[in-house]
Protein chains: 2
Amino acid sequence: MSSTADAKLNIKARVSSGPRGLAKHEIVDTAVRLIEEVGEAGFSVRKLGDRVGCDPMAILYHFKNKDGMYRAMADALVAKLSPVGSDQPWQDRLRAHARDHRALALRYPNTFPLLQRFLNTGVADFPHIEMVHRALADAGVPDQEAPAVCLAWYAGVIGLCAAEINGLVRPARASEVAEIEALPAAEFPVLRKLAPSYLALESQAVFEIANELFIRGLCGQPGRSPD
Amino acid sequence: MSSTADAKLNIKARVSSGPRGLAKHEIVDTAVRLIEEVGEAGFSVRKLGDRVGCDPMAILYHFKNKDGMYRAMADALVAKLSPVGSDQPWQDRLRAHARDHRALALRYPNTFPLLQRFLNTGVADFPHIEMVHRALADAGVPDQEAPAVCLAWYAGVIGLCAAEINGLVRPARASEVAEIEALPAAEFPVLRKLAPSYLALESQAVFEIANELFIRGLCGQPGRSPD
DNA sequence: CTGTGCATTTCTACAGTGTAGAAATGGCGG
DNA sequence: CCGCCATTTCTACACTGTAGAAATGCACAG
């Protein structure tokens with residue numbers, strides 16, 4: 001019962017290996033939980049192996065490499081996005097989908113940034129893309145522009161979420177406001193005047209405003225259809 | 001004159017150390033060049049030490065740690081942004097600043113993503129922020145909304161650039177279009193119809209369209225001033 | 001000229017990483 | 001029972017960031 005004996009026993013137990021159905025989606029789920037606990041810097045295949053209860057290399061057998069595992073984690077995240085009904089006006093459908101992204105980002109702040117690096121490959125979220133395109137069509141976006149607008153929308157939404165996660169979107173600290181107010185008045189009149197209002201900044205409001213701007217931009221299109 | 005003698009000489013030269021003014025900005029410039037050559041994954045303090053010609057730890061002496069060095073690299077990047085004159089309409093000022101970001105991103109694709117992670121701390125690009133706020137004021141954005149709109153604008157622009165760098169914004173491959181066209185017609189009518197136009201997608205056009213949407217959104221504001 | 005302090009650079013060492021390649025395991029069809 | 005083979009484990013290697021101690025050489029006091 002000594003600790004060394006226990007260790008030996010554990011090693012013995014692990015030595016008896018062989019196929020045991022290490023399910024891919026369970027690995028990925030555990031990986032997402034782990035990266036949320038320890039951050040991306042602290043996330044390693046070895047720790048994941050400990051958490052899953054197997055050798056690290058058993059995990060990498062199921063993925064091409066660590067990046068392949070990141071891709072799978074990104075896939076798992078977008079799979080969590082809610083479906084969006086088609087019975088609302090197009091503005092509300094876009095709003096709902098955008099807010100869904102933000103909620104996901106706030107819930108999985110360490111996993112979400114993987115979307116930016118790996119969304120391009122493998123993730124094909126066709127139902128949601130179809131929804132976005134229908135909304136854009138309802139908004140009067142001409143077909144030839146629709147792909148560009150759709151991509152711009154996703155890039156913008158994900159970029160906003162990433163900015164918030166990384167702490168770019170937050171109320172200013174008093175010291176920062178002081179720093180701005182110390183700038184020469186002749187060159188920075190507007191910024192100095194606005195500095196105090198940065199103290200009360202709400203990240204959600206930033207997100208909402210960005211959405212409204214985008215939607216208003218679509219409304220202001222030259223040949224849009226009437227609503 | 002043998003190579004071994006040269007090597008020995010070099011080692012001797014390196015062993016005789018002491019202060020020699022390792023200028024911070026030179027380290028950072030070299031670091032940016034290096035990361036552009038080898039990518040972020042291949043970038044290490046040791047390689048940078050080789051490149052600079054000093055011990056790796058001599059570099060980390062000037063920065064808190066590797067992340068501190070990344071921050072300095074991000075600072076160096078935003079310092080490369082061009083100033084924007086104030087003699088154009090506000091739309092053109094925003095457009096110019098946005099295009100400047102994109103040009104920077106395309107020129108330094110491996111360094112630019114650092115902005116997303118480290119822009120929040122330390123980088124205070126006050127002249128440009130003043131410019132953006134003046135443009136927003138000219139566009140009729142009320143003071144209380146200006147900080148949110150400004151942050152949303154930056155987050156959107158940087159997000160767009162990041163998306164393009166990471167390959168999200170690119171023409172579709174034929175195989176991808178085929179995959180979409182194989183989807184059930186009943187559920188994906190719009191996406192299927194638009195799929196072929198993804199083949200001709202131009203990343204610059206996506207960027208321009210996103211900008212125009214944002215600007216049109218600002219134009220469409222309730223109480224905007226006349227231009 | 002001789003210390004001597006000190007910012008700077010170098011050296012050494014350590015704990016940890018991703019993953020290639022070989023070996024072991026154990027369920028399954030013959 | 002055997003042998004196959006996907007799967008898992010083990011071992012090893014090159015590499016990472018960086019803590020901590022030692023060395024270095026410049027500036028300046030005496």
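All figures in this text were calculated on a predicted structure; none of them were measured in a lab. Just so we're on the same page: letters track the sequence lines, and every chain starts at 1. All heavy atoms count here, side chains included; hydrogens, waters and symmetry mates do not.
- A:W153 and A:H97 have parallel rings, their planes meeting at less than 30° on a 0 to 90° scale where 60° marks the start of perpendicular.
- Atoms CE (B:M69) and C1' (D:dT18) sit 15 Å apart, rounded to a whole Å.
- Protein atom CD1 of A:I59 is 9 Å distant from nucleotide atom P of D:dT9, rounded to whole Å.
- Sequence neighbours left out, the pairs with a member in residues 149-164 of chain B that pass salt bridge (charged side-chain N to carboxylate O under 4.0 Å, His left out) are B:R102-B:E164.
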Look for any protein N or O under 3.5 Å of an N or O in nucleotides 12-17 of chain C and output each such pair with its distance, or none.
{"unit_1": "C:dT17", "atom_1": "OP1", "unit_2": "A:S44", "atom_2": "OG", "d": "2.7"}

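- If you measure from atom OH of B:Y70 to atom C1' of D:dG17, you get 11 Å, rounded to the nearest angstrom.
- Taking a 6.0 Å sphere around CD of B:E37, one finds it holds more than 12 heavy atoms contributed by other residues, nucleotides or ligands.
- Distance CG (B:L60) to P (D:dA21): 18 Å, rounded to an integer number of Å.
- Annotation: ring-ring contact (aromatic ring centres under 6.0 Å, His included) contacts involving residues 157-187 of chain B, sequence neighbours excluded, are absent.
- A sub-4.0 Å separation between OP1 or OP2 of D:dA6 and a side-chain N or O of A:H62 is absent.
- Remark: P of C:dG18 and NZ of A:K64 are 17 Å apart, rounded to the nearest angstrom.
- For the salt bridge (charged side-chain N to carboxylate O under 4.0 Å, His left out) condition, the pairs that include at least one residue of residues 186-214 of chain B, sequence neighbours left out, are A:D143-B:K193, B:R95-B:E212, B:R99-B:E208.
- Taking 4.0 angstrom as the limit, A:Y61 places a side-chain polar atom (N or O) nearer than this to OP1 or OP2 of D:dT7.
- Counting non-hydrogen atoms of other residues, nucleotides and ligands closer than 6.0 Å to CD of B:E181 gives a total above 12.
- Between B:L48 atom CG and D:dT16 atom C1' there is a gap of 14 Å when expressed in whole angstrom units.
- Comparing the helix axis at one end of the helix from C:dC1-D:dG30 to C:dG30-D:dC1 with that at the other, each defined from 5 consecutive pairs, gives an inter-axis angle of 10° (nearest 10°).
- Although no hydrogens or angles enter the test, the distance criterion places no donor-acceptor pair under 3.5 Å between the side chain of A:N110 and the main chain of A:E40.
- Among residues at least two apart or in separate chains, there is no salt bridge (charged side-chain N to carboxylate O under 4.0 Å, His left out) pair with a member in residues 154-163 of chain B.
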